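Single-structure report; data block below.
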Amino acid sequence: MSSKWILGFPFIIQWQLSQGMAEDDSFQLPKREILNMGDMKKWEESEAYHEYVGFILAMNEAVKNKKISDVTASSDVVIKMCEMLETLDKWIQEIPPIDQPQRFGNKAFRTFYTKLQEEAESLLKNILPEDLHPSIIELAVYLTESIGNSTRIDYGTGHEMAFAMLLCCLFKIKAFKQEEADQVILKVFDRYLVLMRKLQTTYRMEPAGSHGVWSLDDYQFLPFIWGSSQLNGHKRLEPRSFPEEDIATSFAKDYMFMGCIKFINQVKTGPFSEHSNQLWNISGVPNWNKVNSGLIKMYKNEVLGKFPVVQHVLFGSLLPIKAQNISSVEL
């Protein structure tokens, strides 16, 4: 992946919008397109894949060397997105878990999911200016998909991807501006993580897919990528220190990576090297730059390259399945 993707991401968006993406009738209900292993090549050659990877790398650059407390939410859309996530958080209080015999997968989550499904469009209308409302037919689907699966009552990297795709789409329709990228990740995405941890623990959600095959923990991946970029070049914190519980607790509010470790320590028992073996191995990497580049490679191979995850990805006009037009990256 060339540096053009990192530096050029907002300009790639503008190029595509100039090709007619802003027409009201161009938006469509996103749907599944990767139906079997033979479709994986179509995914890897699609505009959606390259836009999404470009987004991941662009956000990775935007948060490099920045603490969460370094960034203030000043964008109106960023503030409203955070308020929407606060609203969803309050719904958890209104929809308590029910008494049931099985330990995991509390069925009250299905009520929460249905409520979001019904109200997603109105929530987004409160966030976006009226001229962007036609895009909500696509955005609402990514928002709903981002909290988990209501049938299995589980959550994993595919659902996390749906939220990241929502953020990517908001850049594409210019609801977010290029200079707001750090706010989008360190305020909006970080608030999403808080919400998801509460949903996971309240409704005892199962991890989606196989434990530990491609996830660093049972649920998330992206905050480890962006969080390691935040820590790049940190004068005090080294990768070898993050398994120490007091270190993670002390720095959790400023670094997403440490916030993830703190949460793992809260929900798991026993030696860190046993319950989080992949992370334990990563703590042996000499510096955060190598951790970051290794995690990006791992994400592309073990999440974006895995059919069990990609089969659930939804494609519309903003993230289309059609093959990438090379001219969109040769800027």
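Quick note: numbers below take in every heavy atom, side chains included, and nothing from hydrogens, waters or symmetry partners. Here the structure is a predicted model, which means the values were calculated and not measured.
- A salt bridge links E238 to R240: at least one charged side-chain nitrogen sits closer than 4.0 Å to a carboxylate oxygen.
- For the pairing with K322, the side chain to side chain contact (heavy atoms under 4.5 Å, CB included) check across K42, E47, E45 returns one residue only, E47.
- Applying the salt bridge (Lys or Arg N to Asp or Glu O under 4.0 Å) test to K262 and every residue at least two apart in sequence or in another chain returns nothing.
- Y142 contributes a side-chain N or O that, together with a main-chain N or O of L314, makes up a donor-acceptor pair within less than 3.5 Å.
- Note on ring orientation: taking the six-membered ring where Trp is involved, the planes of F163 and F189 are tilted (angle from 30° to 60°).
- Considering only residues two or more places apart in sequence or on other chains, N106 meets the side-chain contact (heavy atoms from CB on, under 4.5 Å) condition with P97, I98, Q100, A108, Y203.
- We find the CZ-CD1 distance between F251 and I68 to be 13.0 Å, quoted to the nearest 0.5 Å.
- Of the residues H234, Q230, K67, the one that meets the side-chain hydrogen bond (donor to acceptor under 3.5 Å, both in side chains) test with Y255 is H234.
- S229 and N292 share no donor-acceptor pair across their side chains, judged by distance under 3.5 Å alone.
- Here the shortest heavy-atom pairing between F272 and I264 reads CE1-CG2, 4.5 Å.
- Legend: ring pair (Phe, Tyr, Trp, His ring centres under 6.0 Å) pairs involving residues 282-309, not counting sequence neighbours, sorted by first then second residue: F221-Y299, F257-W288.
- The pair D89-R191 counts as a salt bridge, with a side-chain nitrogen and a carboxylate oxygen less than 4.0 angstrom apart.
- Judged by distance alone, the side chain of Q183 and the main-chain N or O of S74 form a donor-acceptor pair under 3.5 Å.
- The hydrophobic clustering, which links ILVMFWY residues whose side-chain heavy atoms are closer than 4.5 Å, places F104 and Y113 apart.
- By the salt bridge (Lys or Arg N to Asp or Glu O under 4.0 Å) test, R110 is found to be paired with no residue, residues two or more places apart in sequence or in another chain being considered.
- Within 6.0 Å of atom CG in D99, 12 or fewer heavy atoms from other residues, nucleotides or ligands are found, so the atom counts as exposed in its surroundings.
- Ionic pairing of K125 and E130 is not present here: no N-O contact between side-chain nitrogen and carboxylate oxygen is shorter than 4.0 angstrom.
- Heavy-atom minimum distance, A73 versus I79: O-CD1, 3.5 Å.
- Not counting sequence neighbours, H312 has no partner by the ring pair (Phe, Tyr, Trp, His ring centres under 6.0 Å) test.
- Between the CG atom of L143 and the OH atom of Y192 there is a distance of 9.5 Å, given to the nearest 0.5 Å.
- Linking ILVMFWY residues whenever their side-chain heavy atoms come closer than 4.5 Å, directly or via other members, leaves Y155 and F263 in distinct clusters.
- A salt bridge does not link K41 with E44: every distance from a Lys NZ or Arg NE/NH1/NH2 to an Asp or Glu carboxylate oxygen is 4.0 Å or more.
- Remark: H133 engages no residue in a ring pair (Phe, Tyr, Trp, His ring centres under 6.0 Å) (not counting sequence neighbours).
- K187 places a side-chain N or O within 3.5 Å of a backbone atom of V71 that can act as its donor or acceptor partner.
- Taking the six-membered ring for Trp, Y52 and Y49 have ring centres at least 6.0 Å apart.
- Within the model, atoms CG of L132 and CD1 of I127 stand 12.0 Å from one another, a figure rounded to the nearest 0.5 Å.
- K198 and Q93 share a donor-acceptor pair across their side chains, judged by distance under 3.5 Å alone.
- There is a side-chain donor-acceptor pair under 3.5 Å between E138 and S317.
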Next on the checklist: What verdict does the ring-ring contact (aromatic ring centres under 6.0 Å, His included) test give for Y219 and H159, after you've listed the backbone C-alpha separation in whole Å, the side-chain angles of each residue and the deciding distance to 0.1 Å?
Outcome noted: CA-CA 9 Å; Y219 301 102; H159 304 107; 9.9 Å; no
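- Checking side-chain atoms of N287 against main-chain N and O of K290 turns up a donor-acceptor pair under 3.5 Å.
- Atom CH2 of W91 has more than 12 heavy atoms from other residues, nucleotides or ligands within 6.0 Å.
- Here the shortest heavy-atom pairing between K172 and L318 reads NZ-O, 2.6 Å.
- The existence of a salt bridge linking K115 and E119 is confirmed by a sub-4.0 Å separation between a basic side-chain nitrogen and an acidic carboxylate oxygen.
- Under 3.5 Å, the side chains of Q117 and T144 contain no donor-acceptor pair of N or O atoms.
- Between the S276 side chain and the L279 main chain, no donor and acceptor come within less than 3.5 Å of each other.
- In this structure, the side chain of Q200 engages the main chain of M196 through a donor-acceptor pair within 3.5 Å.
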